[in-house]
4 protein chains.
Amino acid sequence: MIDKSINKCYCIPMQSTELVLDSKKRKEAAILDAACAVIREKGLHQARIVDIARKAGTSYGLVYHYFGSKANLFDAISNEWWNSLYTMIDAGAKTAAPVNEKLAAIINYFFDLYETRPNLVHIFVTDISRSTNNLTPERLNCFKRFFDRIERIIVGGQSEGTIRSDIRARYLTYIFVGSLEGFLSTMVLENQPIKGPEQKQRIANGLLEVFFNGARNVDRR
Amino acid sequence: MIDKSINKCYCIPMQSTELVLDSKKRKEAAILDAACAVIREKGLHQARIVDIARKAGTSYGLVYHYFGSKANLFDAISNEWWNSLYTMIDAGAKTAAPVNEKLAAIINYFFDLYETRPNLVHIFVTDISRSTNNLTPERLNCFKRFFDRIERIIVGGQSEGTIRSDIRARYLTYIFVGSLEGFLSTMVLENQPIKGPEQKQRIANGLLEVFFNGARNVDRR
Amino acid sequence: MIDKSINKCYCIPMQSTELVLDSKKRKEAAILDAACAVIREKGLHQARIVDIARKAGTSYGLVYHYFGSKANLFDAISNEWWNSLYTMIDAGAKTAAPVNEKLAAIINYFFDLYETRPNLVHIFVTDISRSTNNLTPERLNCFKRFFDRIERIIVGGQSEGTIRSDIRARYLTYIFVGSLEGFLSTMVLENQPIKGPEQKQRIANGLLEVFFNGARNVDRR
Amino acid sequence: MIDKSINKCYCIPMQSTELVLDSKKRKEAAILDAACAVIREKGLHQARIVDIARKAGTSYGLVYHYFGSKANLFDAISNEWWNSLYTMIDAGAKTAAPVNEKLAAIINYFFDLYETRPNLVHIFVTDISRSTNNLTPERLNCFKRFFDRIERIIVGGQSEGTIRSDIRARYLTYIFVGSLEGFLSTMVLENQPIKGPEQKQRIANGLLEVFFNGARNVDRR
DNA sequence: GATGAATGAGTGTTCATTCAT
DNA sequence: AATGAATGAACACTCATTCAT
């Protein structure tokens with residue numbers, strides 16, 4: 001259900017079916033990969049183009065040749081992040097799956113991505129989400145589009161009666177996304193790897209459980 | 001229950017009972033206030049010492065006279081944030097109040113602070129929480145101390161049987177803090193003021209409701 | 001006998017046999033030359049990188065491109081000084097020339113250099129020799145290596161019986177180098193040019209004469 | 001024969017005969033002492049007024065109250081150095097002592113001073129002698145006056161026939177002072193203390209011996 | 001006299017960006 | 001396409017000096 005196309009690494013997959021992946025694309029991908037690694041390590045502002053180029057095995061002139069500016073380079077990363085995310089959510093939204101499955105898919109998407117492309121998730125949590133530097137209206141919009149999509153799912157749940165309507169869908173959206181990001185942030189900032197699929201499942205279940213059924217001890221109800 | 005001492009503004013309270021608030025403290029406070037405003041507006045990295053000084057109505061030399069370096073200045077802000085937070089939580093923790101009240105107090109603390117000192121909350125959401133620049137072990141520790149306190153409250157709830165024990169207290173902590181931060185982030189980044197005490201109450205209730213009882217529509221159960 | 005390779009100017013020799021002296025080396029040399037001039041004029045500390053760049057006809061950014069820092073730039077000058085000096089002494093030391101000729105060669109080296117590259121000699125007398133700023137162990141070592149080489153020559157003289165052994169070779173070294181530096185310092189600080197080869201010869205002879213035979217009037221002995 | 005007044009410490013001698021040494025003088029002396037210590041340690045340029053004041057146990061405002069500026073403070077040290085030196089030489093010059101005794105007195109003056117006030121000698125060797133920063137005509141004049149006095153002594157020796165006249169008195173002056181400074185520099189820069197009066201005597205003798213009789217092995221003559 | 005708050009000129013250094021080769 | 005030499009705006013920070021108290 002989940003589009004995992006984002007999981008593909010930027011750099012040349014060894015067993016690529018296309019025999020000729022032209023050098024241009026290859027370099028571009030190497031630069032993007034390197035950019036993710038360096039930005040993750042140092043943060044967007046401290047990430048120097050020279051470092052990125054060096055890590056990508058090219059000259060820094062080439063970075064400008066391909067991307068024009070540091071801002072553009074970051075935008076390329078950002079856009080890829082958001083587009084993958086939107087695509088994934090939209091693909092799920094079309095299905096007739098119940099709300100909890102749709103939300104589960106989103107949670108899994110993030111955790112899967114954290115395993116395959118931790119740098120990107122790190123950048124999302126830090127420089128994409130919160131940097132005041134980057135707080136252009138355009139960038140805020142990316143977030144709104146994300147929230148809107150989640151909200152639509154939740155509204156869907158409210159319409160079909162599976163989600164309570166006495167709390168605004170927008171608020172529920174913030175709570176859902178906030179919880180998810182809370183987990184990701186901690187893992188990312190403390191550099192914790194996910195220890196096996198069971199832990200991933202446990203966390204995902206915990207998130208969904210609390211979101212749907214709350215933290216209250218049922219025995220006492 | 002909640003220690004609101006942090007709410008006092010750094011700058012000279014107009015109706016100060018102490019007639020003499022020595023000039024030194026006054027300047028220091030003015031600089032801290034200005035720093036919060038500028039850092040909030042531009043982000044830590046883009047905040048120039050000259051701007052802060054100008055906004056504080058002093059020369060930039062004085063900023064160094066008092067704080068020694070930009071990093072120290074930011075640390076002063078950070079420390080004040082964390083210490084106020086710890087103090088508030090600890091004060092609440094001592095009481096015999098039920099878990100939900102303790103958590104409500106924490107939620108209220110954040111939302112009240114957002115009204116009285118929005119700059120500080122903004123900085124928390126952006127530069128204190130997420131900046132990779134600042135990811136020193138010491139700064140991670142501040143976060144851990146915060147989480148540990150929340151976790152202790154939740155463990156308390158698990159012991160007394162009001163909070164379910166089938167989900168790790170640490171996970172519940174991430175969910176609780178994440179939800180709360182989710183709201184704050186949105187308000188902060190979209191520059192939304194809280195429209196009156198009713199809205200604040202509605203949000204706070206929403207957060208607690210979902211955390212304790214979940215988003216599921218009870219009718220359908 | 002004396003290796004005069006150091007006498008070559010950093011900047012492009014007008015009658016260079018190599019048609020292509022790549023621009024990179026040329027700029028680097030121009031910067032070093034300019035650095036010598038500015039440091040000589042203002043002293044290491046007062047020498048501003050901007051001045052050096054301007055005198056070299058480049059931007060100050062390029063100075064950093066090539067040398068990384070002011071300290072590195074100064075080290076480059078220093079190292080060149082010391083290496084040339086060591087090379088010269090070592091070349092002379094290998095020969096079977098008598099001690100007085102070896103010492104004469106060293107004296108001549110300094111005075112020749114003072115004519116061809118007065119800036120460098122000036123810097124040696126002031127910033128290389130005496131600056132407390134620069135008194136790192138590494139820099140002291142450079143001096144020690146210089147003294148060790150002179151001492152070895154003098155010990156050679158003591159062994160072969162031409163130099164008295166009742167005074168420690170180390171002391172004689174200090175006296176020899178001190179006398180030589182005494183002359184250089186005066187010329188350098190008073191900005192005196194050497195007036196023709198006869199004066200140079202007279203000074204060199206005076207130095208050697210007194211070092212070997214003393215200042216006492218022989219008639220009276 | 002040698003005026004050792006310079007040896008007195010700036011700060012209050014415990015057994016002062018004047019019972020009341022007014023606080024003003026005391027502070028001034030403390031500042032001068034501290035200045036010597038700090039300048040010796042860091043070099044003139046790196047010596048901060050704050051450091052000097054702190055070491056002197058006063059506020060930096062007071063340094064300005066007494067000395068007006070950093071340059072003045074350094075001049076006070078410089079002047080004291082030169083005046084003591086001139087006084088000492090002039091006192092010796094008036095006597096009918098033979099040249100070698102006069103020069104011996106000068107050598108002893110320096111080495112004695114190195115024991116009692118090493119900081120001052122250090123500053124002489126580094127910042128007074130060689131700093132290009134300080135190369136004002138006035139400061140060069142101080143040196144000239146020193147050299148002139150030595151030259152006069154040597155000319156005296158040439159007149160009375162004890163010193164050879166085939167080498168210019170000025171050159172002999174450079175050689176004498178250079179040798180002496182060569183020793184001092186080494187001791188100062190390597191932070192070597194003089195190990196007892198015998199070593200001091202040995203060095204002084206060596207200097208005079210070589211200056212008068214040369215380094216040549218007499219057996220071979 | 002004594003203090004230290006306040007000032008701001010001055011400078012080393014970084015780094016995105018341009019462009020000739 | 002690819003390189004890296006060259007540029008200069010921008011900024012943190014130092015520290016001598018002034019001056020109100």
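Atom set for the values below is all heavy atoms of this structure, side chains included, hydrogens, waters and symmetry mates excluded. Chain naming here is simple, since letters A, B, ... match the order of the sequence lines and numbering starts at 1 in each.
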task = State whether the side chain of C:Asn83 and the backbone N or O of C:Asn79 hold a donor-acceptor pair below 3.5 Å, judged by distance alone.
result = yes
query = Considering only side-chain heavy atoms of C:Arg48, which listed nucleotide, E:dT3, E:dG12, F:dA16, is closest?
reply = E:dG12
request  = Give the rounded distance in Å between these two atoms: NZ of D:Lys70 and C1' of F:dT18.
outcome  = 17 Å
task = Give me the ring orientation class for B:His45 and A:His45: parallel if the planes are under 30° apart, tilted from 30 to 60°, perpendicular past 60°.
result = tilted
task = Nearest whole angstrom, please: distance from the P of E:dT13 to the CD1 of C:Ile52.
result = 11 Å
note = Comparing nearest nucleotides in DNA chain F, the 5'-proximal residue of the pair C:Ser59, B:Ala47 is C:Ser59
query = Start at the 5' end of DNA chain E and walk down; is the nucleotide closest to B:Tyr60 or to D:Lys27 reached first?
reply = D:Lys27
query = So what's E:dA6 paired with, Watson-Crick or G-U wobble, going by both distances under 3.5 Å?
reply = F:dT17
inquiry  = Please tell me if C:His65 has a side-chain N or O lying less than 4.0 Å from either OP1 or OP2 of F:dA6.
reply    = no
inquiry  = From CD1 of C:Ile49 over to P of E:dG10, roughly how many Å is that when rounded to an integer?
reply    = 18 Å
ask   = To the nearest Å, how far apart are D:Arg54 CZ and E:dA2 P?
value = 19 Å
remark   = As its Watson-Crick or G-U partner within any shown strand, both distances under 3.5 Å, F:dA10 has E:dT13
Atom-pair distance (NE2 on B:His45; P on E:dA16), nearest Å = 10 Å
query = When the distance from NZ of A:Lys42 to C1' of E:dT14 is rounded to whole Å, what number comes out?
reply = 12 Å
request  = For B:Gly61 and for C:Leu62, locate the closest nucleotide of DNA chain F by heavy-atom distance; then report the residue assigned to the nucleotide nearer the 5' terminus.
outcome  = C:Leu62
task = Please determine if B:Asp75 and B:Arg139 form a salt bridge, counting it only when a charged side-chain N lies under 4.0 Å from a carboxylate O.
result = yes
query = Donor-acceptor pair, C:Lys70 side chain versus C:Leu44 backbone, under 3.5 Å?
reply = yes
key: Atom-pair distance (CZ on D:Phe67; C1' on E:dA2), nearest Å   = 15 Å
query = Can you find a side chain N or O atom of B:Tyr66 that sits less than 4.0 Å from OP1 or OP2 on E:dA6?
reply = yes
inquiry  = Any side-chain N or O of D:Tyr64 below 4.0 angstrom from OP1/OP2 of F:dT17?
reply    = yes
inquiry  = Parallel, tilted or perpendicular: which one describes the rings of A:Trp81 and A:Phe124, with boundaries at 30° and 60°?
reply    = parallel
request  = Grab the CG-C1' distance between B:Asn72 and F:dC13 for me, whole Å please.
outcome  = 12 Å
